[in-house]
Asker: 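Just dropping this structure here.
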Amino acid sequence: MLVLGVETSCDETAAAIVADGADVRSNVVASQLEHAAYGGVVPELAARKHVEALPWVVSAALSDAGVGWQEIDGIAVTRGPGLVGALLSGWCYARGLARALERPYVGIHHLAAHVHGALMSCLAAGEDVAYPLLALVVSGGHTSLYRLPALRQFALLGETRDDAAGEAFDKVAALLGLDYPGGPVIDRLSDRGNPMAVPLPRSKLSGPFDFSFSGLKTAVRRQALSTQLKPGEPDDPRVLDLVASFQAAVVDMLADTTAAALRAHPVRGLLVAGGVAANRALRSRMESLAQEHGLPLYLAPIDLSTDNAAMVAGWGEARLRAGGGDPFDLSVVATWPLGGGEAPF
Ligand code: KG4
Ligand code: ZN
């Protein structure tokens, strides 16, 4: 089955063609660079830019895959969670297309799609995934640990009480006057700094699998002020040491909480998904953790870790194959907890 995926939950306009849930035939992502000037995503601007980009991004996904409009069997589009205006741009476009092509469409949960994205290369190789899994989902808007008892089932074990991990990367980069998005910049600059140079706190919370990054962010701000760092000096050795120390603290907090969850909840595999899963230090720490526990590690390749529509198309395929598609009177959902009830997502 050939599925067109459409993703516009934040600042990436993405479309992809995926065959049989895991075979990625094309994957087009247009990142909105306009937000860099504001140090963060401007929701209204994101929505307008999606409307402009969608026609050519979707056409490019079709032509890269060598697929004609009539060959698409169904459409999967992100329904939430995300920025309402941004979601609506992709949602209206995808539903209009579904109507015009007389094909079914399904609304997809963005985080469930990220989780599927981490399994896709394994599924494409015809390998089975053994459940239960422990999944760490780390993005710009979410940081959560889930236990997946079986395919399409999510039990929330813990989540962030304040900033998401990706948000912490972006805010620390902004306070140091570095480029947006901050995650990839800090990942790169950290290679040149000493991760032990600046002692930074690792927050511990009473919820054993919860996270908090706001104390760490404040500690970075204090250090920047007390050492009188000038904004926008990525080559200053003190900045390099500070970002490397910050990244090490984030990776420690994510890995230590994941390790505690592995001890409390025996599973048959560990999965890490979401934009921050592109971070090289986190990837290598999670590889060691999985190895220590004798578990397979499911990680998307770096380009499928950050937002894309291949994961959306892949995740939507099973629901489309089951038949029906979603009714046309559905709308998007800005806040959509994953892990409660049996909502179709
Ligand atoms: O999943 P994603 O693309 O969008 C959301 O669903 O939020 O995640 C984006 C987040 C941003 O905060 C970005 O800074 C972060 O992922 N990110 C990274 C890296 N690449 C992207 N964080 C750390 N290291 C990276 N290499
Ligand atoms: Zn995402």
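Since the model is a prediction, treat every value here as computed from it, not as a measurement.
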Asker: Would you kindly check if the NZ (Lys) or CZ (Arg) of Arg103 is within the cone defined by 45 degrees around the ring axis of Trp69 and under 6.0 Å from the six-membered ring centre?
Answerer: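 Judged by the rule (NZ or CZ under 6.0 Å from the ring centre, within 45° of its axis), Arg103 is not positioned above Trp69.
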Asker: Spell out, yes or no, whether Tyr131 and Leu123 are grouped together once hydrophobic residues are joined by side-chain heavy atoms under 4.5 Å, including indirect joins.
Answerer: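 Yes, Tyr131 connects to Leu123 through the hydrophobic network.
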Asker: Any heavy-atom pair between the side chains of Leu320 and Asp73 that's under 4.5 Å?
Answerer: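 They are not in contact (no side-chain heavy atoms under 4.5 Å apart), so the answer is no.
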Asker: Hey, could you give me each pair passing ring-ring contact (aromatic ring centres under 6.0 Å, His included) that has a residue in residues 218-254? Not counting sequence neighbours.
Answerer: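 For residues 218-254: Phe169-Phe246.
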Asker: Roughly how far, to the nearest 0.5 Å, is CD of Gln247 from CG of Asp187?
Answerer: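 Separation between the atoms: 5.0 Å.
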Asker: Test your reading of the model: is there a side-chain donor-acceptor pair from Thr143 to the backbone of Glu159, 3.5 Å cut-off?
Answerer: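 Not at all, since once roles are kept as given, no pair shorter than 3.5 Å links the two residues.
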Asker: I'd like to check the side chain to side chain contact (heavy atoms under 4.5 Å, CB included) partners of Lys171; sequence neighbours left out, ordered by chain and number.
Answerer: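 With sequence neighbours excluded, Lys171 shows a side chain to side chain contact (heavy atoms under 4.5 Å, CB included) to Asp163, Glu167, Lys217, given in chain and number order.
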Asker: Just verifying a value: how many Å separate Ser203 OG and Leu216 CG, rounded to the nearest 0.5 Å?
Answerer: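 It comes to 7.0 Å.
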Asker: Do Leu119 and Met311 share a hydrophobic cluster, counting only Ile, Leu, Val, Met, Phe, Trp and Tyr and linking them when any side-chain heavy atoms are less than 4.5 Å apart?
Answerer: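 Per the 4.5 Å side-chain linkage, Leu119 and Met311 are co-clustered.
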Asker: Does His116 use its side chain to pair, donor to acceptor, with the backbone of Gly21 at less than 3.5 Å?
Answerer: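 A pair under 3.5 Å: yes.
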Asker: Give the C-alpha distance, both sets of side-chain angles, the deciding distance and a yes or no for side-chain contact (heavy atoms from CB on, under 4.5 Å) between His114 and His109.
Answerer: CA-CA 9 Å; His114 268 302; His109 195 293; over 6 Å; no
Asker: Can you confirm whether more than 12 heavy atoms, excluding those of Glu34, are under 6.0 Å from its CD atom?
Answerer: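 More than 12 within 6.0 Å, yes.
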Asker: For Arg283 and Glu287, what are the C-alpha separation, side-chain angles and deciding distance, and is it a salt bridge (charged side-chain N to carboxylate O under 4.0 Å, His left out)?
Answerer: CA-CA 6 Å; Arg283 294 170 84 86; Glu287 268 156 25; 5.5 Å; no
Asker: Measure the CG-OG distance between Leu88 and Ser331 for me, rounded to the nearest 0.5 Å.
Answerer: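 Separation between the atoms: 5.0 Å.
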Asker: Could you state the interatomic distance from OG1 (Thr258) to NE2 (His293), rounded to the nearest 0.5 Å?
Answerer: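 Between atom OG1 of Thr258 and atom NE2 of His293 there are 9.5 Å.
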Asker: Hey, are Ser9 and Glu7 close enough side-chain-wise for a donor-acceptor pair under 3.5 Å?
Answerer: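 The criterion, which ignores hydrogens and geometry beyond distance, is satisfied for Ser9 and Glu7.
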Asker: Strictly below 4.0 Å, N to O, side chains only: are Arg280 and Asp191 in salt-bridge contact?
Answerer: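 Here Arg280 pairs with Asp191 in a salt bridge, since their nearest N and O are under 4.0 Å apart.
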Asker: What pair of heavy atoms forms the shortest contact from Val57 to Ala30, and how long is it?
Answerer: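 Smallest interatomic distance, heavy atoms only, reads CG2-CB, 3.8 Å.
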Asker: After noting the C-alpha distance and the side-chain angles of Asp326 and Arg95, does the key distance pass the salt bridge (charged side-chain N to carboxylate O under 4.0 Å, His left out) rule?
Answerer: CA-CA 10 Å; Asp326 279 334; Arg95 288 195 318 165; over 6 Å; no
Asker: Between Val243 and Leu178, is any pair of side-chain heavy atoms under 4.5 Å apart?
Answerer: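 Yes - at least one pair of side-chain heavy atoms lies under 4.5 Å apart.
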Asker: Going hydrophobic residue to hydrophobic residue with side-chain gaps under 4.5 angstrom, can you get from Val138 over to Leu338?
Answerer: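 No; tracing contacts between hydrophobic side chains, which count when under 4.5 Å, never links both residues.
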Asker: If every non-hydrogen atom of Ala310 is compared with every non-hydrogen atom of Ala16, which pair is closest and at what distance?
Answerer: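 So the minimum-distance heavy-atom pair works out to N-CB, 3.4 Å.
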Asker: Please determine whether side-chain contact (heavy atoms from CB on, under 4.5 Å) holds for the pair Gln32 and Leu45, giving the CA-CA distance in whole Å, both sets of side-chain angles, and the decisive distance to 0.1 Å.
Answerer: CA-CA 9 Å; Gln32 302 176 352; Leu45 186 57; 5.8 Å; no
Asker: Is there a side-chain contact between Thr160 and Ser144 in this structure, where contact means two heavy atoms from C-beta onward sitting under 4.5 Å apart?
Answerer: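 Not touching, per the 4.5 Å side-chain cut-off.
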Asker: Taking all non-hydrogen atoms of both residues into account, name the closest pair between Gly117 and Ala300 and its distance.
Answerer: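 Minimum heavy-atom separation between Gly117 and Ala300: O-CB, 3.6 Å.
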Asker: Determine, using the 4.5 Å side-chain heavy-atom cutoff (strictly less than), whether Tyr180 and Val185 are members of one ILVMFWY cluster.
Answerer: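 No, because Tyr180 and Val185 fall into different hydrophobic clusters, even though each may have its own neighbours under 4.5 Å.
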Asker: Just wondering, do Leu134 and Leu271 contact through their side chains at under 4.5 Å, heavy atoms?
Answerer: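 The answer is no; the side chains never approach within 4.5 Å.
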Asker: What I'd like to find out is whether the side chain of Thr13 reaches to under 4.5 Å of the side chain of Lys49, using heavy atoms alone.
Answerer: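 With C-beta onward as the side chain, the pair stays apart.
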Asker: Any salt bridge (charged side-chain N to carboxylate O under 4.0 Å, His left out) pairs touching residues 247-268, not counting sequence neighbours?
Answerer: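 Listed by first then second residue: Arg202-Asp252, Asp252-Arg285.
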Asker: Drop me the distance from Leu270's CG to Leu133's CG, to the nearest 0.5 angstrom.
Answerer: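 One gets 8.5 Å once the value is rounded to the nearest 0.5 Å.
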Asker: Does any pair with a residue in residues 13-27 pass salt bridge (charged side-chain N to carboxylate O under 4.0 Å, His left out), and if so which ones, sequence neighbours excluded?
Answerer: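 Non-adjacent pairs meeting salt bridge (charged side-chain N to carboxylate O under 4.0 Å, His left out): Asp23-Arg25.
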Asker: Ignoring hydrogens and angles, tell me if any N or O in the side chain of Ser226 forms a donor-acceptor pair with the backbone of Gln223 under 3.5 Å.
Answerer: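 Judged by distance alone, yes, a pair lies under 3.5 Å.
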Asker: Identify the two heavy atoms, one from Ala98 and one from Ile75, that lie closest to each other, and give their separation to 0.1 Å.
Answerer: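 Closest approach of Ala98 to Ile75, heavy atoms only: N-CD1, 3.7 Å.
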Asker: Taking side-chain hydrogen bond (donor to acceptor under 3.5 Å, both in side chains) as the test, write out the residues that go with Ser31, two or more places apart.
Answerer: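 In terms of side-chain hydrogen bond (donor to acceptor under 3.5 Å, both in side chains), with neighbours along the sequence ignored, Ser31 is linked to Glu12.
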Asker: Can you list the residues that meet the side chain to side chain contact (heavy atoms under 4.5 Å, CB included) rule with Ala76, with sequence neighbours excluded?
Answerer: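 Only Val3, Val106, Ile108, Val312 meet the side chain to side chain contact (heavy atoms under 4.5 Å, CB included) criterion with Ala76.
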Asker: For Leu297 versus Ala290, what's the shortest heavy-atom pair and its separation?
Answerer: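 For Leu297 versus Ala290, the nearest heavy atoms are CB-CB, 3.8 Å.
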Asker: Got a second to check how far Ser89's OG is from Glu52's CD, nearest 0.5 Å?
Answerer: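 So the OG of Ser89 and the CD of Glu52 are separated by 10.5 Å.
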Asker: Report yes if some heavy atom in the side chain of Val18 is under 4.5 Å from a heavy atom in the side chain of Glu317; otherwise report no.
Answerer: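 When only atoms from C-beta onward are counted, Glu317 and Val18 do not touch, as no gap falls below 4.5 Å.
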Asker: Which heavy-atom pair separates Leu282 from Val276 by the least distance, and what is that distance?
Answerer: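 For Leu282 and Val276, the tightest heavy-atom pair comes out as CD2-O, 3.7 Å.
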Asker: Does a side-chain heavy-atom distance below 4.5 Å link Leu54 with Thr8?
Answerer: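 Heavy-atom side-chain distance check passes, below 4.5 Å.
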Asker: So that I know where these two stand, are His50 and Tyr93 an aromatic pair - ring centroids less than 6.0 Å apart?
Answerer: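 They do not qualify: ring centres at least 6.0 Å apart.
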Asker: When you look at Ser214 and Asp162, which way does the side chain to side chain donor-acceptor pair (under 3.5 Å) test go after all the steps?
Answerer: CA-CA 6 Å; Ser214 68; Asp162 40 61; 3.2 Å; yes
Asker: Using modelled atom types and a 3.5 Å cut-off, is there a donor and acceptor pairing between side-chain atoms of Arg79 and backbone atoms of Val333?
Answerer: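 Absent.
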Asker: Students often mix this up, so state it plainly: with edges at 30° and 60°, are the rings of Tyr105 and Trp91 parallel, tilted or perpendicular?
Answerer: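 Ring orientation of Tyr105 relative to Trp91: perpendicular.
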Asker: Would you say OH of Tyr38 has more than 12 non-hydrogen atoms from neighbouring residues, nucleotides or ligands within 6.0 angstrom?
Answerer: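 No, OH of Tyr38 has 12 or fewer neighbouring heavy atoms, counting only those of other groups under 6.0 Å.
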Asker: Output yes when a side-chain donor or acceptor of His110 lies under 3.5 Å from a complementary backbone atom of Thr78, and no otherwise.
Answerer: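 No.
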Asker: Would you kindly confirm whether Leu2 and Val24 end up in one hydrophobic cluster when ILVMFWY residues are joined by side chain heavy atoms under 4.5 Å apart?
Answerer: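 They do not share one cluster, since no chain of ILVMFWY contacts under 4.5 Å joins Leu2 to Val24.
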Asker: Do the rings of Phe213 and Phe211 sit parallel, tilted or perpendicular, given the 30° and 60° boundaries?
Answerer: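 Answer is parallel, since the angle falls under 30°.
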Asker: Would Val41 and Asp11 count as a side-chain contact (heavy atoms from CB on, under 4.5 Å) here? Give the steps.
Answerer: CA-CA 7 Å; Val41 179; Asp11 57 346; 3.5 Å; yes
Asker: Determine whether Val58 and Leu4 make a side-chain contact, defined as any pair of heavy atoms from C-beta on separated by less than 4.5 Å.
Answerer: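 Result yes, sub-4.5 Å side-chain heavy-atom pair found.
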Asker: Before giving the answer on side-chain contact (heavy atoms from CB on, under 4.5 Å), spell out for Leu62 and Ser26 the whole-Å C-alpha distance, their side-chain angles and the decisive distance to 0.1 Å.
Answerer: CA-CA 7 Å; Leu62 283 149; Ser26 67; over 6 Å; no
Asker: Kindly confirm or rule out a cation-pi arrangement of Arg147 over Phe154, judged by NZ or CZ under 6.0 Å from the six-membered ring centre and within 45° of its axis?
Answerer: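 No, a cation-pi geometry is absent between Arg147 and Phe154.
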